[in-house]
S.K.: 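Next up is a structure, given as structure tokens.
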Amino acid sequence: MLTGKESSLHLRVMLKAAPIIPVLVVRDVAHAIPLAESLVSGGLPVVEVTLRTPVAIDVIKAMGSVAGCVVGVGTLLSDDDVAAAVDAGAKFGVSPGTTEKLLTSCERHGLPLLGGVATVSEMMRLHERGYDVAKFFPAEASGGAPALKAFSGPLPDFHFCPTGGLNPDNVETYLKLPNVLCAGGSWIVPSEHLASENWPAIESLAAQASKLPR
């Protein structure tokens with residue numbers, strides 16, 4: 001059984017490893033290990049594999065076998081998703097939003113949850129349960145960096161991983177905020193690079209992102 005406070009403490013350690021968490025949609029299990037190796041070599045060891053493909057669970061297992069790779073599971077929506085993520089060896093979970101049922105499931109399974117929030121009321125509900133780390137999603141559509149800056153007034157101890165609409169042109173604006181631990185983005189692994197197995201190009205993009213100031 002994991003408490004909200006313990007969940008956030010675990011997340012703080014993991015999310016500080018690098019400024020960017022690559023958000024991944026992987027459709028071929030054969031890509032999992034070389035992709036993980038490329039990202040780790042490029043300096044981005046913490047990744048989110050989304051449950052958006054039929055092979056996602058197998059991808060999570062494979063990527064988790066790569067030394068230094070910390071695999072989180074994204075798009076958690078149900079208790080079944082949480083159980084599957086834990087069985088696959090996930091180190092943390094990510095959800096687009098947070099519900100009492102999902103929080104309880106993650107706590108019961110001992111899976112740290114980076115739950116999605118977009119409003120102060122959602123943050124307050126998490127805070128009441130002991131959490132002080134969340135995913136701000138969809139970041140750009142929900143007010144972007146100015147919104148996060150405003151949140152720091154009433155909730156100064158709450159920290160975020162913004163995701164949704166971030167790219168190389170706007171990500172530094174987020175990373176400079178004191179209440180941002182890291183950011184999530186899909187641009188690190190373009191679909192064309194993944195399809196063509198261009199691992200050097202992916203490693204290069206990861207290396208660039210790993211050097212972003214924060």
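Note that these values count all heavy atoms, side chains included, but never hydrogens, waters or copies made by symmetry.
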S.K.: To check you understand the geometry: which heavy-atom pair defines the closest contact between Asn170 and Gly165, and what is its length?
M.R.: ND2-O, 3.1 Å
S.K.: Kindly give the heavy-atom pair with the smallest separation between Leu175 and Pro213, and that separation in Å.
M.R.: CB-O, 3.5 Å
S.K.: Can you give me every donor-acceptor pair (side chain of residues 138-157, partner residue at least two apart or in another chain, under 3.5 Å) with its distance?
M.R.:
unit_1: Glu140; atom_1: OE2; unit_2: Tyr174; atom_2: OH; d: 2.4
unit_1: Ser142; atom_1: OG; unit_2: Pro138; atom_2: O; d: 2.8
unit_1: Ser152; atom_1: OG; unit_2: Lys149; atom_2: O; d: 2.6

S.K.: Given the rule in the side-chain contact (heavy atoms from CB on, under 4.5 Å) test, do Val49 and Ile60 qualify, once you have shown the distances and angles that lead to the verdict?
M.R.: CA-CA 7 Å; Val49 177; Ile60 292 160; 3.8 Å; yes
S.K.: Working to the nearest 0.5 Å, report the span between SG of Cys182 and CZ of Arg12.
M.R.: 11.0 Å
S.K.: Could you give all pairs that pass the side chain to side chain donor-acceptor pair (under 3.5 Å) test and reach residues 39-60, with sequence neighbours left out?
M.R.: none
S.K.: How close do Thr75 and Leu51 get, counting heavy atoms only, and between which atoms?
M.R.: OG1-N, 4.0 Å
S.K.: For Arg27, look at atom CZ and say whether over 12 heavy atoms of other residues, nucleotides or ligands are found less than 6.0 Å away.
M.R.: no
S.K.: I'd like to check Met63 versus Leu24 (side-chain heavy atoms, cut-off strictly below 4.5 Å). Are they in contact?
M.R.: yes
S.K.: Hey, what do you get for CZ (Phe160) to CE (Met123), rounding to the nearest 0.5 Å?
M.R.: 4.0 Å
S.K.: For the CZ atom of Arg125 and the OG1 atom of Thr98, what is their distance to the nearest 0.5 Å?
M.R.: 7.0 Å
S.K.: For a quick test of reading the model, state the closest non-hydrogen atom pair linking Leu2 to Pro112 and the distance between them.
M.R.: CD2-N, 3.6 Å
S.K.: So do Leu35 and Val59 actually touch side chain to side chain, heavy atoms under 4.5 Å?
M.R.: no
S.K.: Within the side chain of Ser7, is there an N or O that forms a donor-acceptor pair under 3.5 Å with the backbone of Thr3?
M.R.: no
S.K.: Closest heavy-atom contact between Val82 and Leu111?
M.R.: CG1-CD2, 4.2 Å
S.K.: Is any side-chain N of the basic residue among Asp132 and Lys5 closer than 4.0 Å to the acidic one's carboxylate O?
M.R.: no
S.K.: What is the distance from atom CG of Leu113 to atom CG of Leu102, rounded to the nearest 0.5 Å?
M.R.: 5.5 Å
S.K.: Find out if a path of hydrophobic residues (ILVMFWY) with successive side-chain heavy-atom gaps under 4.5 Å connects Val180 to Tyr131.
M.R.: yes
S.K.: Nearest 0.5 angstrom please: Ser121 OG to His127 NE2, how far?
M.R.: 14.0 Å
S.K.: Indicate, with yes or no, if Leu212 and Val189 share a hydrophobic cluster defined by side-chain heavy-atom contacts under 4.5 Å among Ile, Leu, Val, Met, Phe, Trp and Tyr.
M.R.: yes
S.K.: Let me see the working for Val71 and Cys69 under side-chain contact (heavy atoms from CB on, under 4.5 Å), right down to the final yes or no.
M.R.: CA-CA 6 Å; Val71 184; Cys69 190; 3.8 Å; yes
S.K.: Any side-chain to backbone donor/acceptor pair from Arg214 onto Lys16? Under 3.5 Å, distance only.
M.R.: yes
S.K.: For Phe158 and Ala134, which heavy atoms make the closest approach, and how far apart are they?
M.R.: CE2-CB, 3.5 Å
S.K.: Who are the side-chain contact (heavy atoms from CB on, under 4.5 Å) partners of Ser204, not counting sequence neighbours?
M.R.: Gln208
S.K.: Only counting residues at least two apart or in another chain, list the ones meeting salt bridge (Lys or Arg N to Asp or Glu O under 4.0 Å) with Arg108.
M.R.: Asp79
S.K.: Yes or no on ring-ring contact (aromatic ring centres under 6.0 Å, His included) for His193 and Trp187, after CA distance, side-chain angles and deciding distance?
M.R.: CA-CA 10 Å; His193 288 351; Trp187 79 88; over 10 Å; no
S.K.: Could I get the full list of salt bridge (Lys or Arg N to Asp or Glu O under 4.0 Å) partners for Arg129, not counting sequence neighbours?
M.R.: Glu100, Glu107
S.K.: Given a cutoff of under 4.5 Å between side-chain heavy atoms of I, L, V, M, F, W and Y, with clusters grown through shared members, what are the other residues clustered with Val13?
M.R.: none
S.K.: Same hydrophobic cluster for Val25 and Leu166, using side-chain heavy-atom links shorter than 4.5 Å among ILVMFWY?
M.R.: no
S.K.: Spell out, yes or no, whether Val133 and Ile21 are grouped together once hydrophobic residues are joined by side-chain heavy atoms under 4.5 Å, including indirect joins.
M.R.: yes
